[in-house]
Participant: 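So that we are looking at the same thing, I have put the structure below in structure tokens.
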2 protein chains.
Amino acid sequence: MWIPIQLNEQSAEPLYHQIEVQLRALIVSGQLPEGTLLPSIRELAQQTKCSVITIRRVYQDLENEGLLRTRQGTGTFVAQVDGQQRDNQRRSAVMTAIETAAEAGLRVHYTDDELIGMLREALLRMRPAAGEAEHGSGQGEGGRQHDG
Amino acid sequence: MWIPIQLNEQSAEPLYHQIEVQLRALIVSGQLPEGTLLPSIRELAQQTKCSVITIRRVYQDLENEGLLRTRQGTGTFVAQVDGQQRDNQRRSAVMTAIETAAEAGLRVHYTDDELIGMLREALLRMRPAAGEAEHGSGQGEGGRQHDG
DNA sequence: TATACTGTGTATATGAATATATACAGTATA
DNA sequence: TATACTGTATATATTCATATACACAGTATA
């Protein structure tokens, strides 16, 4: 049992948070369907080379958000949430970040069009040649600092 | 000597960081021109009701970024940076936030158009009626006076 | 020089965030 | 029941962020 989690050891962003963000996205985007049995905390701890307690925290946090359901002795599953609610979570995760960006933009007096242009640029850069033959160049994504 | 800094005591965002973000924006957007003498650290500390050391840290951080210049015994000034470089800083402050948002969006499989739409929404919400009845540049209620 | 401003350096308190080991408890099944 | 898995609870180490007091040093000027 394996799920795609990529940790950046360099980043100042704490492990538990990196894992949470990625796992949350997998669930909320439907890539991990309802009822899916996740790896055990020990298994995922081994995969990610961090402690069991850290993974436990991740599972616990996501359970508190209603995304997971755990049964002691059995395992941890993707919870069933109604589509409406899941959409909300999916949306709000992104909207929060967008609002932060918009705020930053307004503060330094960028126009709406300029900001939208910058978003277009960023997307183009991060989603290289979607439709072309790209293969290979590992676009320098990655290490950002923690958000404020 | 007074500069418009608004602190949110409730926020989890630390004081020094709130001040830095706002002061950086004032400089980088040109609202505080080159050569402007800032309030002394003691004065700004009083205005913001936080300690001198905290303000000192702010000034020091911004000096390390090249935005300020301090002369012991005299005061702290807005540094002269060539327009190119200042534009870069203005831009990168926003771009970083935009990239974070884009990353979040891609993770949950939003399309570019959806993300752009969300940004439009956010801007509309945060910059209400910018072509309607309101005249004036709308920014910052609470008075911007500026005498020297 | 005396005074009253500037910024600077050192040393420190405090609390939260991060991560951990280890022992405990529930569940499934041969 | 014995075993081998699950998750859980407690207690703790460590580091970093935040904020501070207070003595020190440079500058301007009456």
Side-chain angles (χ1 to χ4, degrees), chain A residues 1-3 5 7-23 35-79 143-148, chain B residues 1-3 5 7-24 35-79 148:
Chain A
M1 200 181 307
W2 177 89
I3 53 176
I5 301 281
L7 264 25
N8 178 357
E9 284 291 348
Q10 316 315 325
S11 166
E13 189 187 1
L15 296 177
Y16 87 93
H17 195 258
Q18 293 185 45
I19 301 174
E20 276 189 18
V21 166
Q22 292 182 44
L23 186 48
T36 305
L37 174 61
L38 295 184
S40 76
I41 56 179
R42 286 172 180 82
E43 203 176 343
L44 188 50
Q46 196 169 14
Q47 177 192 319
T48 58
K49 297 187 204 335
C50 68
S51 89
V52 168
I53 292 87
T54 298
I55 302 300
R56 160 119 154 91
R57 172 178 182 170
V58 170
Y59 279 10
Q60 200 165 245
D61 286 352
L62 294 185
E63 182 169 24
N64 288 339
E65 292 178 24
L67 293 177
L68 296 181
R69 230 192 115 99
T70 65
R71 283 209 309 253
Q72 183 171 350
T74 307
T76 300
F77 304 84
V78 176
R144 214 153 259 43
Q145 81 302 6
H146 49 318
D147 49 325
Chain B
M1 200 180 306
W2 177 89
I3 53 175
I5 300 281
L7 263 28
N8 178 358
E9 285 290 349
Q10 315 316 327
S11 166
E13 190 186 0
L15 297 177
Y16 87 93
H17 196 257
Q18 291 184 46
I19 301 173
E20 277 189 18
V21 166
Q22 292 182 43
L23 186 49
R24 188 182 297 112
T36 304
L37 175 61
L38 295 184
S40 77
I41 57 178
R42 286 172 181 82
E43 203 176 343
L44 188 51
Q46 196 169 13
Q47 176 192 320
T48 56
K49 298 187 203 335
C50 69
S51 90
V52 169
I53 292 87
T54 299
I55 303 299
R56 161 118 152 90
R57 172 177 183 171
V58 170
Y59 281 8
Q60 200 164 248
D61 286 352
L62 294 185
E63 183 169 22
N64 288 339
E65 293 178 23
L67 293 177
L68 295 181
R69 230 192 115 100
T70 66
R71 282 209 308 252
Q72 184 170 350
T74 307
T76 301
F77 304 83
V78 176

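Computed from heavy atoms alone, side chains included, the values below leave out hydrogens, waters and symmetry copies.
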Participant: From the set D/dT18, C/dT18, C/dT8, return the single nucleotide nearest to any side-chain atom of B/Arg57.
Facilitator: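 Among the listed nucleotides, the one closest to the side chain of B/Arg57 is D/dT18.
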
Participant: Tell me, please, which residues at least two apart from B/Gln72 pass side-chain contact (heavy atoms from CB on, under 4.5 Å).
Facilitator: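 Counting only residues at least two positions away or on another chain, B/Gln72 forms no side-chain contact (heavy atoms from CB on, under 4.5 Å).
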
Participant: My understanding is that only residues two or more places apart in sequence, or in another chain, count here; which of them pass side-chain hydrogen bond (donor to acceptor under 3.5 Å, both in side chains) with A/Ser40?
Facilitator: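 Counting only residues at least two positions away or on another chain, A/Ser40 forms no side-chain hydrogen bond (donor to acceptor under 3.5 Å, both in side chains).
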
Participant: Enumerate all atom pairs, one protein N or O and one N or O from nucleotides 9-13 of chain C, separated by less than 3.5 Å.
Facilitator:
from, atom 1, to, atom 2, distance (Å)
C/dG9, OP2, B/Arg56, NH2, 3.4

Participant: Which heavy atom in B/Gly66 sits nearest to a heavy atom in B/Ala79, and how many Å separate them?
Facilitator: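 Looking at all heavy atoms of both residues, the shortest contact is O-CB, 3.5 Å.
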
Participant: Can you give the dot-bracket line for DNA chain C, where a pair is Watson-Crick or G-U wobble with both atom distances under 3.5 Å, crossing pairs use [ ], and | marks a partner on another strand?
Facilitator: ||||||||||||||||||||||||||||||

Participant: Name all residues meeting the side-chain hydrogen bond (donor to acceptor under 3.5 Å, both in side chains) criterion together with B/Thr36; count only those two or more places apart in sequence or in a different chain, and write none if there are none.
Facilitator: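 Testing B/Thr36 for side-chain hydrogen bond (donor to acceptor under 3.5 Å, both in side chains), a comparison that skips the adjacent residues, returns none.
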
Participant: Any heavy-atom pair between the side chains of A/Gln18 and A/Asn8 that's under 4.5 Å?
Facilitator: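 Yes - at least one pair of side-chain heavy atoms lies under 4.5 Å apart.
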
Participant: Roughly, in whole Å, what's the span from CD1 in A/Ile41 to P in D/dA4?
Facilitator: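 To the nearest whole Å, that distance equals 19 Å.
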
Participant: Would you tabulate the nitrogen or oxygen pairs shorter than 3.5 Å linking the protein to nucleotides 12-14 of chain D?
Facilitator:
none

Participant: Do the non-hydrogen side-chain atoms of B/Pro39 and B/Ile55 ever get within less than 4.5 Å of each other?
Facilitator: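 Answer no - side chains too far apart.
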
Participant: Mind calculating the distance between CG (A/Leu68) and P (D/dT6) to the nearest angstrom?
Facilitator: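 My rounded result for the distance is 16 Å.
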
Participant: Of the options A/Leu38, A/Leu62, A/Leu67, which is the one that meets A/Val78 in a side-chain contact (heavy atoms from CB on, under 4.5 Å)?
Facilitator: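 So, applying the side-chain contact (heavy atoms from CB on, under 4.5 Å) to A/Val78 and each of A/Leu38, A/Leu62, A/Leu67, only A/Leu38 qualifies.
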
Participant: For a quick test of reading the model: is some side-chain N or O of B/Thr54 closer than 4.0 Å to OP1 or OP2 of D/dT18?
Facilitator: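 So the side chain of B/Thr54 is outside the cut-off, no N or O lying under 4.0 Å from OP1 or OP2 of D/dT18.
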
Participant: Would you kindly give the CZ-to-C1' distance between A/Arg69 and D/dT8, to the nearest whole Å?
Facilitator: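 After rounding, the reported distance stands at 17 Å.
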
Participant: Just jot down the side-chain contact (heavy atoms from CB on, under 4.5 Å) partners of B/Val21, sequence neighbours excluded, or say none.
Facilitator: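 By the side-chain contact (heavy atoms from CB on, under 4.5 Å) rule, B/Val21 matches A/Arg107, B/Glu13, B/His17, B/Arg24.
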
Participant: With a 4.5 Å heavy-atom cut-off, do B/Leu15 and B/Glu9 have their side chains touching?
Facilitator: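 They are in side-chain contact.
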
Participant: How would you list, by chain and number, every residue that makes a side-chain contact (heavy atoms from CB on, under 4.5 Å) with A/Tyr16, sequence neighbours excluded?
Facilitator: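 If we apply the side-chain contact (heavy atoms from CB on, under 4.5 Å) test to A/Tyr16, skipping adjacent residues, the hits are A/Pro14, A/Glu20, A/Thr54, A/Arg57, A/Val58, A/Asp61.
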
Participant: When you compare the side chain of B/Ile3 with that of B/Leu23, does any pair of heavy atoms fall below 4.5 Å?
Facilitator: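 The answer is yes, as the side chains (C-beta and beyond) meet within the 4.5 Å cut-off.
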
Participant: Which whole-number value in Å describes the distance from A/His17 NE2 to C/dA16 P?
Facilitator: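 Between P of C/dA16 and NE2 of A/His17: 18 Å.
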
Participant: Roughly, in whole Å, what's the span from CD1 in B/Ile55 to P in D/dT18?
Facilitator: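 Rounded to the whole Å, the gap is 14 Å.
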
Participant: Which residues pass the side-chain hydrogen bond (donor to acceptor under 3.5 Å, both in side chains) test with A/Glu43, not counting sequence neighbours?
Facilitator: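 With neighbours one apart ignored, the set is empty.
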
Participant: For A/Lys49 and C/dT20, what is the distance between atoms NZ and P respectively, to the nearest whole Å?
Facilitator: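 Computing the A/Lys49:NZ to C/dT20:P distance gives 13 Å.
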
Participant: side-chain contact (heavy atoms from CB on, under 4.5 Å) with A/Leu37: which residues, sequence neighbours excluded?
Facilitator: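 Here the qualifying residues are A/Met1, A/Phe77.
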
Participant: Would you say a side-chain N or O of A/Thr76 is under 4.0 Å from OP1 or OP2 of D/dG7?
Facilitator: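 Checking D/dG7 against A/Thr76, a side-chain N or O does come within under 4.0 Å of OP1 or OP2.
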
Participant: Starting from P on C/dT18, measure out to CD1 on A/Ile19 and report it in whole angstrom.
Facilitator: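 In whole Å, C/dT18 P lies 12 Å from A/Ile19 CD1.
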
Participant: Give every pair of a protein N or O atom and an N or O atom of nucleotides 23-27 of chain C that lie under 3.5 Å apart, one pair per line with the distance.
Facilitator:
from, atom 1, to, atom 2, distance (Å)
C/dA25, N3, A/Gln72, NE2, 2.9
C/dG26, O4', A/Gln72, NE2, 3.2
C/dG26, N2, A/Gly73, O, 3.3
C/dT27, O3', A/Thr74, OG1, 3.4

Participant: Any side-chain N or O of B/Thr70 less than 4.0 Å from the OP1 or OP2 oxygen of C/dG7?
Facilitator: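 Looking at the OP1 and OP2 atoms of C/dG7, neither is under 4.0 Å from any side-chain N or O of B/Thr70.
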
Participant: A/Arg56: which residues meet the side-chain hydrogen bond (donor to acceptor under 3.5 Å, both in side chains) condition with it, sequence neighbours left out?
Facilitator: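 side-chain hydrogen bond (donor to acceptor under 3.5 Å, both in side chains) check on A/Arg56 returns A/Gln60.
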
Participant: Check the distance between D/dG7's P and A/Gln46's CD and give it to me in whole angstrom.
Facilitator: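 Distance, rounded to whole Å: 14 Å.
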
